[in-house]
Amino acid sequence: MTLRFTKDHEWVRIAGGVATVGVSAHAAEQLGDVVFVELPAVGRKFKKGDDMAVVESVKAASDVYAPISGEVVEINQSIVDDPAKVNADPQGAAWFVKLKASDPAEADSLMDESAYKSFAEQH
Amino acid sequence: MRYLPLSDADRRQMLSVIGAKSIDELYRDVPKSALNARIDLPAHKGELDVERIMGAMAAKNRPAAEGPFFVGCGAYKHHVPATVDHIIQRSEFLTSYTPYQPEIAQGTLQYLFEFQTQIAALTGMEVANASMYDGSTACAEAALMARRVTKRGKAVLSGALHPHYAATTRTNVELLGDRAVQLPIDIEAKEDLAAAIDGETSCVIVQTPDVFGNLRDLTALSKACQAKGVLLVAVVTEIMSLGAVKSPGEMGADIVVGEGQSIGNGLNFGGPYVGFFATREKLIRQTPGRYCGMTTDADGKRGFVLTLSTREQHIRRDKATSNICTNSGLCALAFTVHMTLLGEAGLRAVAALNHESAAKTADALSSVKGVRVLTKSFFNEFTVRLPMNATGVVEALAADGVLAGVPGERLWPHDKDAHDLLIVAATECVTDADISAFTASLSKALA
Amino acid sequence: MTMNREGRQSKGDAATANVVTFTGNRALQIEESLIFEKDAFASTGVDFPAPTGKHDRIGALKRTSAIGLPGLSEPEAMRHFVRLSQKNYAIDMGPFPLGSCTMKHNPRLNEKMARLPGFGDVHPLQPQSTVQGALEVIDTLAHWLMEMTGMPAVAMSPKAGAHGELCGMMAIKSALAARGKAHRTRVLAPESAHGTNPATAAQCGFTVDAIPADETGRVDLAAFRGKLGPDVAAIMVTNPNTCGLFERDIKAIADAVHEAGGYFYCDGANFNAIAGKVRPGDLGVDAMHINLHKTFSTPHGGGGPGAGPVVLSAALAPFAPVPYVVRDGGEFHLVETRRMAKSEGEGAAGGRITAFHGQMGMFVRALTYMLSHGGDGIRQASEDAVLNANYILARLKAEMTPAFPGYCMHEALFDDRFLMGTGVETLDFAKAMIDEGYHPMTMYFPLVVHGAMLIEPTESESKAELDLFCDALLDLARRAKAGETARFTASPMLSPRRRLDETAAARKPVLRWTPQQAPEAAE
């Protein structure tokens, strides 16, 4: 499945019932140099829209919301150890968490890449 | 008016550049009925007149240095080297702002970095912030931080925590619907704080030396706290004690907060003082206040900046770890300068002198008929029980020129058992003659 | 011909600006290491008699391990801190136009009075009979503050502005609880508010609801009315607001929040624009903190100490914290615990918010300032502050873009439209001011204005100083538009340090010196 995007600049990719989640390249650029990432513990459950993680630059702090509901099955410790990765490859290697999606269909209402691109240009 | 550079001619000329007919035109958004309200205050005065008025009020107070002085309980009379006041009155320190523009604030930033390092060393902790308002508010902030870390809502307070600190902490946690439960007054360090921990407990707050002067070994308590996921908050209101007594960090505290007034800062009738806040590195994201950190500039030279600011109110707003903005920068400078003059050698020497003064005073008082020294292990402060309410005794001694200490009723007005107590502090400023005057006057008052 | 041995031409060589010195020093700018790098862990700069060692009531709790604190002799310590001081900008050196921060002249008479032994060397727990003059200072200052604000009560103990906010919001929370309105938990605050407002409301257990600004930079009255409801506890409004404008609908706002059953907290950070001219009590305010370190000139000291007394309306006065001073004939008493109080709100009030009695040292300074100015001088100071800001606004309009039309109060707000397409951002523009010898203005605040630049000159600047400042900024604006981008993005170039790497500082925080920090790693 391709990437889907939220209005809060998260992306999600679902494969085999597991959703990989991160922040968009647009968001990473807007934030500037990322200096800190806080991820939830494996096993935590979130509903769509819950605060799930935190990403900070020097002068800004943003909450990352769960784009769909699910349980955390894996976190990307490498971005905690080296937050610069979020700027380097936000939509690839710098994913944040993997969620076991409780309802993968929730992703259907999210934007596809081109819709998000035009959304981001206005915001 | 000597502080206002504009002349009337300047004002007229500036108004014409602005294109306004009068000053009040600039205030046109103010409701007419509220503008230029009559305010009944005296007219401006020259320096000489102001000095006379302020001087007359100052003359009605009895300064500590004027005679025998044994008052403590969270604020202490120490000798501050003359260099300290000179440095903090330098324009570049006195009249600068929070160092938000690091290129032209390296002076402030570097001393804050030095302050943080000195506090961390003294408390035996890994990190310390760049100061809080005072010890009591730092204590309250520690309870709020423990709430964030443990997600529990009950702070357990020692019965020998300074009552003002306990009250300040209670006020703050209750605003969030939490509780602060204080154990009964504990004059001789007999309470069992570990037994007070339950599943709701976020932190245990214990002072050492405590408000009665007892030194406390926190080692066992820290293990009990650790076993239950509770943070141990150690409060130090006399930071000079750390030149003689094992640090809370060495005894396993998770957060060490307190009052730094004793080093570099005068009594000032209670403020401004300088609170400190030290903790373990892994808890730093949950701490209040600002930090200064080391980095490099565009030319690769070492420099300092404010950092980890995303915890603070100007960025995180309603999700900030605290609303604190202004802290105690200049008092922290006074601390840093004094501490730099002392060094470890000087600190240990002055701490030893404090201890000696207090021990001598305790020995002398114990020879006064009817006086019982209750505190066995202490630094520069201890508690005695008098055969009568101490408030009147203190007043009687004050009339003799001796400021004898803090009577129990002042801090525990509702606890009759405390009314015969007198808490006595003796620092390096106390002389043998002061001690003799104290015992003589006390013998007379009790006779 | 004969050569004068000192006869070289006195004119310098243009190439010397980038000279590399052996020491790294640049004439008056002396590099200075940390005290921990001076190999002074065994020395001291104080002399004490040797202790006799005859007394030991410490026993097993004695500190035996090394603490790690260097001690410098007096000349070394003096040099260390004087060298550090010379890396700071200060009001005493030049304009410090930080909007919202009010960097005005700090008279030295204030310092002298605060150091009188009768004020500086008295203990907060001495018998009250021995500190009557200190209590008189608190009482007198309280009188001045109440008279100037037209409010019936004032809580003196808050330690700074944000602490005053906490005190005021706590009084509101207590009043609501006492009146059976504890379900009111929502606080309205403009999105242009200082960060302390939402942070304080949250610290009091309230939720925060942001009110948008209208196109004139003021509270959007319709949006505000739409947000009122039975769960609203209070509104927090800064007035004059953070855009440097007077909220012209202030009375309507106060009436509406009162009608809806809530209270009106006014952030008094900008009281210096209206002190002596307008009494907040006439505008319907229930609580307002006053930053003595802004309006009443107690020094900022590199970030404190401050003082933030809170004036209170009759409705909130019973909920003030302890302690407070009461006058009984010619004698002053401190009420230190709630049960001694005889007011209506006994037991319901929030209690104590700090040890002892507040920032006495700041009270002395502020009262000294007030006595010096008098009621007439305070009014003149406010008028001059507003005049100076409007003069800057009028002069800079030629090249810079004011964020809102019309006059301002004590600070002039610009946005970054004039920099559009230049490649120069607000930050660069501000950093270039450093090379011109100025402290930058407040940047990127308030948040409602893009690339905000908030300039507050205060009444302390002379017309000549303002003219030079305006000329310099106009020149910078013209240079930015003329494409001298590199000059801005590389600035500052002449300061003790150039732009610092804040990203590296935050990613791997180094917050204290440790013995492992090798000198080469530090350079």
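Chain naming here is simple, since letters A, B, ... match the order of the sequence lines and numbering starts at 1 in each. In what follows, every heavy atom counts, from backbone to side chain, and hydrogens, waters and symmetry copies are set aside.
The side chain to side chain contact (heavy atoms under 4.5 Å, CB included) check on C/L109 picks up B/R2, B/Y3, B/E47, B/V50, B/E51, C/M113, C/T368, C/S372, with sequence neighbours excluded. For C/K173, there are no salt bridge (Lys or Arg N to Asp or Glu O under 4.0 Å) partners at least two apart in sequence or on another chain.
Counting heavy-atom pairs under 4.5 Å between each of B/N268, B/T326, B/T98, B/T307 and chain C puts B/N268 at the top. Top candidate by heavy-atom pairs under 4.5 Å with chain C, chosen from B/P102, B/A56, B/G266, B/A59, is B/P102. The residue among B/H314, B/K360, B/R170 with the most heavy atom pairs within less than 4.5 Å of chain C is B/K360. Most heavy-atom pairs under 4.5 Å with chain B, from the set C/A201, C/G377, C/G68, C/G161: that is C/G68. Between chain C and the residues B/R316, B/H162, B/Q13, the most heavy-atom pairs under 4.5 angstrom are made by B/Q13. Of the listed residues (B/K246, B/E428, B/M14), the greatest number of heavy-atom pairs within a distance under 4.5 Å of chain C belongs to B/M14. Listed options C/G306, C/A50, C/A381, C/A66 were ranked by heavy-atom pairs under 4.5 angstrom with chain B; first place goes to C/A66. Between chain C and the options B/S247, B/A345, B/A362, heavy-atom pairs under 4.5 Å are most frequent for B/S247.
In this model, a donor atom of one side chain and an acceptor atom of the other lie less than 3.5 Å apart for C/Y407 and B/E25. Side-chain contact annotation: C/K159 with C/Q359, donor-acceptor N/O pair under 3.5 Å present.
For B/K77, the part lying under 4.5 angstrom from a heavy atom of chain C is the side chain only. With a 4.5 angstrom heavy-atom cutoff, B/L122 touches chain C via backbone and side-chain atoms both.
In this structure, B/Y97 and C/H300 have tilted ring planes: the angle between them lies in the 30° to 60° band.
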Report the C-alpha separation of B/E356 and C/K54 in whole Å, then their side-chain angles, then the decisive distance to 0.1 Å, and conclude whether the salt bridge (Lys or Arg N to Asp or Glu O under 4.0 Å) test is met.
CA-CA 8 Å; B/E356 215 159 272; C/K54 278 193 286 197; over 6 Å; no
